[in-house]
Amino acid sequence: MKPIQVGLLGIGTVGSGTFNVLKRNQEEITRRAGRSIQITMVADLDVERARAAVGEGVQVVNDARAVIANPEIDIVVELIGGYGIAKALVLEAIAAGKHVVTANKALLAVHGTEIFAAAQAKGVMVAFEAAVAGGIPIIKALREGLTANRIQWVAGIINGTTNFILSEMRDKGLDFEVVLKEAQRLGYAEADPTFDIEGVDAAHKATIMSAIAYGIPVQFDKAYVEGITKLGAADIKYAEQLGYRIKLLGITKRVEGGVELRVHPTLVPAKRLIANVEGAMNAVVVQGDAVGTTLYYGKGAGSEPTASAVIADLVDITRLHTADPLNRVPHLAFQPSELSDLPVLPMSEVVTSYYLRLRVADKAGVLAQVTGILAGLGISIDAVLQREADEVAGEGAAQTDLIILTHDTREGTMNDALAQMQALPTVLAPIARIRKEELA
Ligand code: HSE
């Protein structure tokens with residue numbers, strides 16, 4: 001049978017990995033796909049780099065639209081990234097009747113609804129395994145492997161850069177800024193790491209998982225996004241003393257009245273497997289009503305791990321290429337006409353437990369004032385830890401760190417408590433608040 005022909009838009013790290021793995025494992029992949037898959041055309045602004053990556057025998061151009069316009073190309077692989085030109089090219093490829101494979105989480109989290117609708121109307125597939133957690137087949141697991149389940153929650157370490165930074169902060173007791181600089185020097189963090197450290201990249205991925213888990217449209221604009229930039233080494237240390245690790249989690253839960261969708265630093269019991277995922281590795285825990293808890297672990301980025309996901313999509317499309325579009329796996333796991341309008345809840349409605357650290361004056365009655373505020377708002381305390389007071393130079397006043405773990409409470413109520421506690425004259429610095437998840 002004639003090989004399926006693939007055109008790559010962009011041949012950086014992932015593109016060259018895709019080319020190399022396809023070539024190296026060609027025989028095995030053909031046996032699986034039932035047909036040879038060949039990259040026959042590559043577009044990249046840096047034509048020399050592209051030529052060096054693919055050698056002779058592949059058409060190299062500097063115009064992505066030439067790939068889309070080529071009638072021989074069956075599948076367009078978009079590896080440009082971002083919401084800009086990538087969006088136009090993906091929509092043009094769909095309009096030209098091409099199937100699309102993309103690793104672009106930002107594009108799908110923000111414009112997925114438009115892109116999937118266009119693909120549906122045209123009868124082509126948009127596959128995106130590489131968009132979430134790199135080499136971990138979490139899209140496949142959520143969309144197909146767990147299809148019997150009513151998914152209850154998904155929680156993942158889905159950004160390697162921030163997990164690397166948090167691991168280093170914990171191991172070495174260093175502050176965020178110091179570790180970030182080291183991560184950049186080692187090439188673990190981008191020169192502009194904003195999307196990673198501010199939680200945006202993780203929120204893009206959590207948005208996509210949420211849509212697939214519950215059959216709701218992608219709604220990145222409704223996600224709560226908080227990164228790790230304000231996290232102090234002291235909180236990591238105190239959390240450890242209480243039996244917890246702090247991880248940047250992407251969380252989506254089905255709760256009464258809607259869906260939670262949030263990314264923030266989270267205390268996780270140190271005994272959970274996910275709490276022990278270190279360095280740049282990714283892991284996702286999925287709780288389904290039938291299967292219980294399942295865990296997926298692996299490399300969330302990198303040339304060949306991400307290529308592994310891109311090629312899995314190429315094989316899927318090759319197998320389903322001739323299938324009636326109605327018999328293919330729906331983009332968001334649920335039939336497009338069956339998507340639900342379950343709302344994404346505002347953060348003030350989210351119910352979770354909390355870690356609080358208050359720098360307070362170390363004198364009689366302070367603990368009573370603080371716990372009085374919590375009690376007044378019906379917030380139940382799980383544990384209290386007070387560290388030894390240290391004398392503040394020049395002021396002669398003793399200060400201490402008061403660490404409180406609470407039971408579950410509504411975020412809106414916790415916000416009220418924080419405002420009241422912060423207004424106490426005996427609370428001497430901004431209160432650190434970190435959410436806690438037992439993931440039981
Ligand atoms: N920058 C991401 C990370 C990989 O650090 O995990 C691509 O999404």
Side-chain angles (χ1 to χ4, degrees), residues 10-18 77-84 86 101-112 127-139 154-169 176 179-212 218 220 223 225-229 231 246-251 263-266 274 277-285 296-310 312-313:
I11 183 146
T13 311
V14 178
S16 44
T18 302
V77 180
E78 183 272 306
L79 298 171
I80 297 168
Y83 319 105
V101 173
T102 179
N104 193 335
K105 65 250 18 174
L107 177 65
L108 295 180
V110 176
H111 299 293
F128 50 93
E129 184 63 69
V132 181
I136 305 174
I138 188 63
I139 301 297
V154 181
I157 295 171
I158 43 183
N159 182 269
T161 305
T162 45
N163 202 53
F164 173 81
I165 293 173
L166 292 177
S167 298
E168 289 288 291
M169 286 174 74
F176 169 77
V179 179
L180 173 62
K181 284 209 176 68
E182 181 66 358
Q184 284 174 311
R185 197 182 64 76
L186 293 171
Y188 283 110
E190 306 277 348
D192 178 0
T194 313
F195 265 29
D196 291 323
I197 62 178
E198 297 293 357
V200 177
D201 175 73
H204 286 147
K205 296 166 183 167
T207 298
I208 295 170
M209 291 197 292
S210 182
I212 293 176
V218 284
F220 174 70
V225 189
E226 181 184 316
I228 62 167
T229 54
L231 208 57
I246 299 181
K247 295 291 181 189
L248 183 72
L249 291 190
I251 299 170
V263 169
H264 48 70
T266 313
I274 194 169
V277 170
E278 301 291 1
M281 299 304 282
N282 280 199
V284 182
V285 183
Y296 309 82
Y297 169 83
K299 289 185 178 156
S303 178
E304 294 205 356
T306 312
S308 167
V310 168
D313 281 344

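If you're wondering where the values come from, they're calculated on a predicted model, not measured in any experiment. Side chains are part of it too, since the values below use all heavy atoms of this structure and drop only hydrogens, waters and symmetry mates. All ligand and atom numbering here is 1-based and tracks the order in the structure.
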Near G160, which atoms of ligand 1 are under 4.0 Å from a heavy atom of that residue?
3 (C), 5 (O), 6 (O)
Checking contacts here: is it the side chain or the backbone of K105 that comes within 4.0 Å of ligand 1, counting heavy atoms only? Could be both or neither.
side chain
4.5 Å side-chain heavy-atom contact, L108 and T102
yes
Would you indicate whether the side-chain heavy atoms of V284 and I158 approach each other to under 4.5 Å?
yes
Considering only the protein, which heavy-atom contact is closest to atom 5 (O) of ligand 1, and what is its distance?
T161 OG1, 2.5 Å
Interatomic distance, I197 atom CD1 to L166 atom CG [nearest 0.5 angstrom]
11.5 Å
Determine, step by step, whether F128 and I212 satisfy the side-chain contact (heavy atoms from CB on, under 4.5 Å) criterion, reporting the C-alpha distance in whole Å, the side-chain angles of both residues, the deciding distance to 0.1 Å, and the verdict.
CA-CA 12 Å; F128 50 93; I212 293 176; 3.8 Å; yes
Please classify the D201 to ligand 1 contact at 4.0 Å (heavy-atom distances, strictly less than): side chain, backbone, both or neither.
side chain
Where ligand 1 meets A301 - atom numbers and elements under 4.0 angstrom, heavy-atom basis
4 (C)
Closer than 4.0 Å to some heavy atom of K205 - which atoms of ligand 1 meet that?
2 (C), 4 (C), 6 (O), 7 (C), 8 (O)
Please state which part of D196 comes within less than 4.0 Å of ligand 1, counting heavy atoms only: side chain, backbone, both or neither.
side chain
With a 4.5 Å cut-off on side-chain heavy atoms, are E198 and T229 touching?
yes
Side-chain contact, heavy-atom cut-off 4.5 Å: K247 with I274?
no
